[in-house]
Amino acid sequence: IPLTGGCGSVNATGNITVNQIPNTPTISNIVQSTCSVATGSVKLSGLPFGSWEITPGYYKGNTSDYTITGLSTGKYRFTVTNSAECSSSESVEVTINAQPTAPATPALSITAQPTCAVSTGTIVISAPVGSDYEYNVDGGAFQASVTFAGLAAGSHSFTVRRVSDNTCISDEIIIVLNNYICAVDDKGIDIIGKDGGTSVANVLVNDTLNGKLVVAADVTTTFVSSTNTGVTLEGTSVIVAPGTPAGDYTLVYQICEKL
C-alpha cells in the first residue's frame, strides 16, 4: 500500500479483511392463519454462522435456521445481517393470507319424519354446499354427504366445517324430528250385556311412543266415538254399561303426547 507524506515516500504492507455477504435466506414451511390462529409463520434456513439479525422484525439468533411466528396478513421479504454487519439480498416474497372465516350456520330441511312404518327420519342440508365443506350431526364424525338418514325422533344438532381448514366450524343449528305414536287396535273380552263390565282394562297396553310402550303419564287419552252409548272410555279402560244390548261394538279413542 503506497503511503505519502512529508518530503519523501514510504511503502508499507498490511492485511485487508473482506467480510462475506450472507446467503439469501431460504424460505420454507409457510403456515397460513386459520380460524383458530389469526397469524401465520415461516421458516428461514441457510442463516450465517455466528450471531445474526433478521429484518423486518429484528429477530436475533445464532442458529442455522429460524421460524418466525405471529405474522399478520401481508407480504414479506426477509434479509439477514451477520455479526460483521453485512446483509444478504432479500428473500423470495412470502404472502400470509387473510384469516379465513367459519362457514355460515347450515340451512336444512326435513325430507322424512319418523312414522309407524319407518321409525326414523331424514334431514338434508341445502347450504353451504361444495367440495370444501363437510357436515356433522350430534357431535359425530363429519361427512361429505349432505343427507342424514336413519335419525331417531327428537332434537338433532348440525354443524358445517371447511375441509381446507378443519378449525373453521359453523355455529350449530338444532332441528326436531317429530315424535310418533302408534296406536294398535284392541280386542276386548266378551261382556254379559245385562251385567256390564270392563272389556279392555288398558287401551294403551299395546300402543307405542317412539317405538317404546306408552307410559300413561306421558300421554292424554281422549274418547272420540262409540257405536253404542253404553260402551265408553273411563281413563284408559273400555267400560260396558249394564243393560247394553248384545252385539259387536267399536270404540275410537285418541292418544296425544304431553308436551
Side-chain angles (χ1 to χ4, degrees), residues 27-43 56-57 67-76 93-183 207-215 217-220 222 254-259:
I27 300 298
S28 64
N29 294 4
I30 299 173
V31 177
Q32 297 291 345
S33 60
T34 66
C35 281
S36 60
V37 180
T39 58
S41 65
V42 63
K43 181 179 179 181
T67 297
I68 299 174
T69 60
L71 294 174
S72 56
T73 301
K75 298 180 183 296
Y76 300 86
E93 187 173 80
V94 175
T95 300
I96 300 299
N97 299 328
Q99 185 179 20
T101 57
T105 303
L108 41 77
S109 60
I110 298 172
T111 59
Q113 291 280 8
T115 66
C116 295
V118 179
S119 62
T120 58
T122 300
I123 294 174
V124 176
I125 294 175
S126 56
V129 295
S131 59
D132 193 37
Y133 299 106
E134 54 187 2
Y135 312 93
N136 163 283
V137 61
D138 298 333
F142 281 86
Q143 66 178 48
S145 173
V146 297
T147 301
F148 290 84
L151 298 175
S155 298
H156 297 280
S157 62
F158 291 84
T159 57
V160 182
R161 76 177 179 186
R162 294 189 185 277
V163 174
S164 56
D165 180 359
N166 62 17
T167 69
C168 291
I169 302 175
S170 73
D171 292 334
E172 73 173 14
I173 184 171
I174 295 176
I175 192 167
V176 178
L177 290 175
N178 294 341
N179 292 334
Y180 62 99
I181 292 177
C182 301
D207 300 330
T208 59
L209 172 61
N210 296 336
K212 298 180 180 180
L213 290 177
V214 167
V215 176
D218 295 336
V219 298
T220 58
T222 307
Q254 182 184 63
I255 307 172
C256 291
E257 182 187 12
K258 291 180 180 178
L259 300 177

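These numbers come from a predicted model, not from an experiment.
- Atoms OG1 and CG, on Thr67 and Asn29 in that order, are 6.5 Å from each other to the nearest 0.5 Å.
- Between the NZ atom in Lys75 and the CD1 atom in Ile96 there is a gap of 10.5 Å [rounded to 0.5 Å].
- Rounding to the nearest 0.5 Å places CD1 of Ile27 at 11.5 Å from NZ of Lys43.
- Under the 3.5 Å distance criterion, the side-chain polar atoms of Gln99 are left unmatched by any main-chain donor or acceptor of Ser33.
- Side-chain atoms of Asp132 come within 3.5 Å of backbone N or O of Ser164 as a donor-acceptor pair.
- Distance check, rounded to the nearest 0.5 Å: OG1 of Thr122 to CG of Leu151 gives 7.0 Å.
- Although no hydrogens or angles enter the test, the distance criterion places no donor-acceptor pair under 3.5 Å between the side chain of Ser170 and the main chain of Pro103.
- Between Thr220 and Lys258, the shortest heavy-atom distance links the atoms CG2-CE, 3.7 Å.
- For residues 134-143, the set of pairs meeting the salt bridge (Lys or Arg N to Asp or Glu O under 4.0 Å) definition, not counting sequence neighbours, comprises Glu134-Arg161.
- The CD1 atom of Ile68 lies 9.5 Å from the OH atom of Tyr76; values are rounded to the nearest 0.5 Å.
- Side chain of Gln32 to main chain of Thr95: a donor-acceptor pair is present (N/O by atom type, distance under 3.5 Å, no hydrogens or angles).
- A distance below 6.0 Å separates the ring centres of Phe148 and Phe158.
- The line from CD1 of Ile125 to OG of Ser145 is 9.0 Å long, rounded to the nearest 0.5 Å.
- The closest donor-acceptor contact from the side chain of Asp165 to the backbone of Cys35 lies under 3.5 Å.
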